[in-house]
Structure formats: structure tokens, C-alpha cells
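Here the structure comes first, spelled out in C-alpha cells, and everything after it is commentary.
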Amino acid sequence: MKVAVFNTKPYDRQFLTAANTKDGDRHELRFLEPRLGLDTAQLSGNADAICAFVNDGLDRSILERLKDNGVRLVALRCAGFNNVDLLAARDLEITVARVPAYSPSAVAEHTVALILSLNRRIHRAHARVREGNFALDGLLGFDLRGRSIGIVGTGNIGLCLAGIMTGFGCRVLGFDPRPNPAFEALGGRLVGLEELLSESDIVSLHCPLTPDTRHMIDETSIAKMKPGVMLINTGRGALIDTRAVIQGLKNKKIGFLGLDVYEEESDLFFENLSGQIIQDDDFARLLTFPNVLITGHQAFFTQEALMEIADTTIRNISQFELTGQAAHPISLELRV
Ligand code: NAI
């Protein structure tokens, strides 16, 4: 099939090309740098399919433009699909496919990287040592052994994190409306959300963003947490009410904040904006706290995960070409 791949970086090209050429060239991939939007949709040219990422626009007007150009398949190279108008896609008879799961270890391990870096202040220590400052004041950490970590969402990633933190000797608590039975087998204890929030030294978010979970960390839930709690979000930005968290940091209720995702990240992440002025004042405020560590949605970014994402994307396209059905289509029922 002819595939226009939008919003590509060098690593996308590398991994998608490798997956596409495993058994000889399967599809004609045309790599495009621009993000998919109303003004760039015409770049799909004569492609039968387009490949897009989390921050590409796929609303009705864009899908209509793609359809006019002959696109029959949208292959997302990610799990989330909140950027796609699935109803419009159905009306236009465009199949939408995704990569439902890939390397939970990648995200769980990045979560641990944030926990360890924040606790032992590695980001600050690194900056100090480079300046020839070897003073330890302000770098005091705590032993993880014996501490409680509360994992919100005991799915693939939450379970993987539970296993790692058990290894550190932590007491592992979990909350999930549909808990994973393997969680307790790993030594975790399932509790209600209130108990998790009030008992945990570290709270880590691993549930999807739905209308129910939007701003689940707000002023009320922060009030229930332990003083000095460490809050980690590698799930989705809008799980957290950013302003409430800023308030929690200012009044020292929140002792540490580690983020890989941010509510308004689509205007910031994945691009080099180092020469520009950040217009988002909440994000800029977060950067001023010494006990906040932010990465730009990179928890998934390992070789293994990129290989799985590329393989599944190519499989979606190949199966669609052969049968008219992608390997992992998104149905309207999956909508949140
Ligand atoms: P999963 O579907 O295996 O697990 C999600 C779990 O959350 C399920 O067990 C579900 O029952 C639970 N859940 C649903 N509503 C909940 C609620 N209100 N409270 C607590 N738990 C709830 O998903 P997986 O693979 O573990 O991924 C989790 C999330 O991580 C994804 O939804 C995505 O937002 C995020 N993610 C972030 C990445 C990154 O690079 N930062 C990469 C991949 C995923």
C-alpha cells in the first residue's frame, strides 16, 4: 500500500523502515515531517493509508480531506486515540487502527527513574557537580525500603511497576475498579482510592484518561495525601489538575512531583522549542520548583517499544491490504 507517514522524526523512519523491509519492501512509505492538520492533510497525496501519532489532528474536517484524497486507513502508531473523531471515521468508511499495547516495562522503568531521581535529587546533584559544587545540603533522600507506593491502575504498566517496587522492599498498594488478579499474587494489596491516597509515600498514576479520571488528582484528593508525598504521572496529563498541584507544591503538601505527561503538552512536547518563549505560565511555574522533574512524554521511548510499535503498525497495514480489516482496529465501543 502507499502510506503517507505524518509527523515523523528520524527514529520513526528508522524503526518503521526496518519493520517494513523485514520480508522485502512491503509498503511504499512516504515520510513527512509536518504534523497532520487541516493545512497539511493534502500532503497525503495519492496514499491509500496514513500513519499518525498522538498529537496529530484527526477531526471530521481533516478526515474528510483525507477521504477526498482516497485514504481508506488511518494507522495510529500509538495506543491512545482521543485525537480521532471515530464517529466521523465510521461515517466516512475510514478504518482506524492502533497499537494497543507495547513494552509496559518501558513506562514502568521510566516511572522508577523519576522516583529515584527525585528522591536522591540526581538532577540537582548532576548540575552541582558540573559546577564544582560538592556540598550535600539539600540533597537528602529517603530509603525506599519499607515505604508505601500507591499504584492507581493495575493494568499492564501498573503491574510491571508493582513488581519492580516489590523488589525495592516497598509496601505496594493498588487501586483499580477492575483490578488485575496478578497484582495481589505479586504481593500488592488492593485498597480503596481514599486509603491509597492517605497511606502512600509515593502515588503513581497508571490509569487511562476518561471522563471519570480527568483531574482525579485535584485539591480534594491532594488534601487526603500524606504531607510531603511524592506524586508521579506517566499516564496522561489531564489526570492531574495542574493548578491544584502547583498550589500543593507551594504549600509543601506535595514534596516531589515527577511528570512525563502534561495537560497541555500538545503545544510543547516532541519539538525543540529551546529558542522560543514558553507561553504556558502553569508549565513555566512548574519548572521553577527544585522538587519537580519533568520529561517530555518519553516514558515509551525505548528500542523495544519502538520496535513493537513499528511491527504492529506495519501488521495493521498489511492485514488491511489483505483482508480489508486491520489487525487492531478501533471500534466505536472503545470510545471513552
Ligand atoms: P491498561 O489498560 O493495561 O491498564 C489500565 C488500568 O487502569 C486498567 O486495569 C483499568 O481497569 C484501570 N483503570 C481504569 N479506570 C480507573 C480508575 N478510575 N482508577 C484506577 N484505575 C483505573 O493500560 P496500560 O498499558 O497499563 O497503560 C496505562 C496508561 O499509561 C495508558 O492509559 C496511557 O494513558 C499511559 N501510557 C503512557 C505512556 C508514556 O509514554 N508516558 C506510554 C503508554 C501508556
For a quick test of reading the model, state the closest non-hydrogen atom pair linking R178 to D176 and the distance between them.
N-OD1, 2.8 Å
Please report the closest heavy-atom contact between L92 and K67, naming both atoms and the distance.
O-NZ, 2.8 Å
With hydrophobic residues grouped by side-chain heavy-atom distances under 4.5 Å, do L231 and V292 end up in a single group?
yes
Would you please test E263 and T242 for side chain to side chain donor-acceptor pair (under 3.5 Å) and show each step?
CA-CA 7 Å; E263 214 171 340; T242 306; 3.1 Å; yes
I'd like to check the ring pair (Phe, Tyr, Trp, His ring centres under 6.0 Å) partners of H297; sequence neighbours left out, ordered by chain and number.
F270
Quick one: which residue pairs count as a ring-ring contact (aromatic ring centres under 6.0 Å, His included) with a foot in residues 4-41, not counting sequence neighbours?
Y11-F301
Evaluate N7 against N55 for side chain to side chain donor-acceptor pair (under 3.5 Å), listing each step before the verdict.
CA-CA 9 Å; N7 199 0; N55 54 343; 2.8 Å; yes
Measuring from [X]:[atom1] to [Y]:[atom2], what's the distance to the nearest 0.5 Å?
| X | Y | atom1 | atom2 | answer |
| --- | --- | --- | --- | --- |
| H215 | S221 | NE2 | OG | 10.5 Å |
| I217 | L205 | CD1 | CG | 5.0 Å |
| L286 | L259 | CG | CG | 6.5 Å |
| N316 | L73 | CG | CG | 7.0 Å |
| I157 | T234 | CD1 | OG1 | 6.5 Å |
| R98 | T312 | CZ | OG1 | 11.0 Å |

Does [X] [atom1] have over 12 foreign heavy atoms under 6.0 Å away?
| X | atom1 | result |
| --- | --- | --- |
| N251 | CG | yes |
| L287 | CG | yes |
| K250 | NZ | no |
| R60 | CZ | yes |
| Q42 | CD | yes |

As a quick check of understanding, evaluate side chain to side chain donor-acceptor pair (under 3.5 Å) for D282 and Y262, giving each step before the final call.
CA-CA 10 Å; D282 291 334; Y262 174 63; 4.7 Å; no
Please say which of R171, R145, K226 ends up in a salt bridge (Lys or Arg N to Asp or Glu O under 4.0 Å) with D201.
K226
Would R189 and E195 count as a side-chain contact (heavy atoms from CB on, under 4.5 Å) if you check the C-alpha gap in whole Å, the side-chain angles of each, and the deciding distance to 0.1 Å?
CA-CA 11 Å; R189 189 161 71 85; E195 186 177 346; 3.2 Å; yes
Please report the C-alpha distance between R285 and T288 in whole Å, then the side-chain angles of each, then the deciding distance to 0.1 Å, and finally whether the side chain to side chain donor-acceptor pair (under 3.5 Å) criterion is met.
CA-CA 5 Å; R285 180 69 178 102; T288 66; 2.4 Å; yes
How does the hydrophobic cluster around M165 look, that is, which other residues are in it when side-chain heavy atoms under 4.5 Å mark a link?
V112, L114, I115, L116, L118, F142, L144, I149, I151, L159, L161, I164, F168, V172, F183, L186, L190, I202, M230, I232, F256, L293
